[in-house]
Amino acid sequence: MPYYLARILAVFIVYLSFVVSLVAQANPASYSGKHLKRIVIRNAMIVDGSGKPAAGPYDIVIENDTIAAIVPLDPVAVSSREAKRPAAGDLDIDATGKYVLPGLIDIHAHTHDERGGMPMPVEYCTKMWLACGITTVRDVAAGPKTLKWRADAASGKLTAPRIFAYGVYNTSPTPATAEQARQRVRDLKAAGYDGIKLFGIDRDLMQAMMDEAHKQGMRVAHHVGVEETNAWDDINFGTTSVEHWYGIPDAAILSRRQDFPSYYNYNNETDRFRWAGHLWREADQDRLMQVLDGMIKANVAWDPTLDIYEASRDLQRAQSNPAFAQYLHPVLEDYFRPNPSNHGSYFIGWTSTDEAFWKENYRIWMRALTEFEKRGGRIGVGDDAGFIYQMYGFGLLRELELQQEAGFSPLMVIKHATVNNAKTLGLEDSIGRVRVGFRADLIVVNGNPLENLKVLSPMGIDEVRNGKIVHGGGVEWTIVGGIPYHTPTIAAEIRDMVAVARQARK
Ligand SMILES: [Zn+2]
């Protein structure tokens with residue numbers, strides 16, 4: 001071939017690959033879920049997760065699964081095109097006007113592939129998490145299936161955040177002696193669980209199982225319930241985190257037990273949730289502060305899951321979530337219908353009086369939460385979704401808003417969901433921050449979550465730009481260990497999944 005022909009051919013090939021790369025860049029969905037060697041996020045405002053104020057602009061370089069560089073940009077040098085910018089990546093994300101945060105961590109999640117015995121694709125659950133900017137979940141009711149999903153998520157077989165599996169201690173046959181309690185802990189460890197989820201338990205058995213858990217290096221998340229044990233036991237035995245809130249006001253009741261009516265039956269969920277709405281008002285405030293200080297001293301975190309009780313204070317709001325129209329899977333929809341045989345579906349004869357008590361309950365609870373942090377406590381963010389009108393992921397975003405309502409700034413709320421949750425998992429040196437050397441678990445957000453946490457929602461927000469109402473917001477990219485998921489694409493896949501499941505029922 002003559003030289004000039006070869007030359008023309010070479011130029012043509014370069015031109016072609018340039019066009020191909022342009023087309024590929026223009027179609028971000030084509031990168032979704034792919035292993036890439038190098039991603040560059042350009043011109044981003046960063047909220048790093050530590051509670052530090054937002055700062056930017058920065059270029060962020062991701063190499064494989066790690067944040068490799070965070071390069072500050074001098075706006076003058078950028079506008080005169082003299083700034084030293086990192087070399088192009090396999091994917092370049094223009095984050096102009098966008099905020100980059102650590103991926104959100106859901107510290108109280110349930111991975112579900114069924115509700116009420118009816119099958120539901122596990123991808124519904126895991127994609128909902130990604131669509132809401134969640135890059136890590138702690139499954140606090142993990143069974144053998146969760147261990148498989150954890151492996152599939154890690155290998156890329158399942159489109160999902162990283163999963164940590166906390167195995168349930170109180171499975172049948174429930175340990176009845178101290179030795180059985182210790183054996184259960186050893187069995188969970190041997191089966192490969194990352195930690196333990198503990199429900200209600202008697203004191204002597206808790207002492208034994210917690211002692212064994214410490215020996216085995218297993219962290220424990222405790223849903224206390226109304227039991228012999230309360231938060232004082234979590235303080236004495238060194239629980240990692242108290243889930244929800246039960247056990248904390250209980251530990252501050254001077255008579256040592258809530259004043260229940262004689263007909264109260266704990267196993268009747270309407271009874272249980274109705275009277276739970278009277279619990280915080282019975283806590284002695286001085287005693288409560290001692291409980292909170294005790295938890296702080298013993299390094300016990302508190303994951304309040306404010307969102308999962310919201311239906312108790314405002315049933316109509318919970319039942320008429322606009323996101324249900326496109327995102328509620330029919331199997332989950334069935335499960336949410338009031339039905340005494342489904343856990344958390346207890347709204348039969350729920351009254352305005354119940355709601356008024358619950359509103360007061362929330363006020364006292366939220367005050368206790370802000371006191372807990374003021375005094376040095378670690379608050380986490382989890383949603384307990386899959387129950388009581390809360391959808392996976394959406395529940396977590398609602399939790400962020402409720403923590404803001406409690407009195408925390410969005411900066412601190414984001415810290416709760418990132419740095420604090422990473423610490424509760426024992427992973428504060430590798431996830432939960434935008435920092436060089438950390439795992440590349442990041443979200444790129446269309447807007448400023450410090451101004452409006454609702455920008456994180458797949459529902460987006462309406463805003464006025466140049467005098468016109470436009471629809472914006474939402475997470476644009478959810479990056480899990482360097483694997484970019486184009487969030488609007490994932491959200492569209494969920495809407496399709498829901499539409500198909502509904503169609504199949506017609
Ligand atoms: Zn739960």
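The residues of the chain are indexed from 1 along the displayed sequence. Remember, it's 1-based here, ligands and their atoms both numbered in the order they're listed.
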A.B. asks: Within the side chain of Gln180, is there an N or O that forms a donor-acceptor pair under 3.5 Å with the backbone of Ala176?
C.D. replies: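 Yes, Gln180 side chain to Ala176 backbone: donor-acceptor pair under 3.5 Å.
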
A.B. asks: For Arg184 and Thr171, does a side-chain donor sit closer than 3.5 Å to a side-chain acceptor?
C.D. replies: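 Judged by distance alone, the side chains do pair up.
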
A.B. asks: Once you round to the nearest 0.5 Å, how far does CD of Glu333 lie from CZ of Arg505?
C.D. replies: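 The CD atom of Glu333 sits 7.5 Å away from the CZ atom of Arg505.
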
A.B. asks: Is there an N/O/S atom in His110 at a distance below 2.8 Å from the Zn ion (ligand 1)?
C.D. replies: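 An N, O or S atom of His110 is closer than 2.8 Å to the Zn ion (ligand 1), so yes.
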
A.B. asks: Examine all N, O or S atoms of Asp384, backbone included, and report whether one is under 2.8 Å from the Zn ion (ligand 1).
C.D. replies: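 Here the distance criterion (N, O or S atom, under 2.8 Å) is met by Asp384, so yes.
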
A.B. asks: Near the Zn ion (ligand 1), is there an N/O/S atom from His244 that is less than 2.8 Å away?
C.D. replies: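 It does not: His244 brings no N, O or S atom closer than 2.8 Å to the Zn ion (ligand 1).
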
A.B. asks: Using a distance-only test with no angle check, is there a side-chain donor-acceptor pair under 3.5 angstrom linking Asp286 and Gln290?
C.D. replies: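 There is no such pair between these side chains.
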
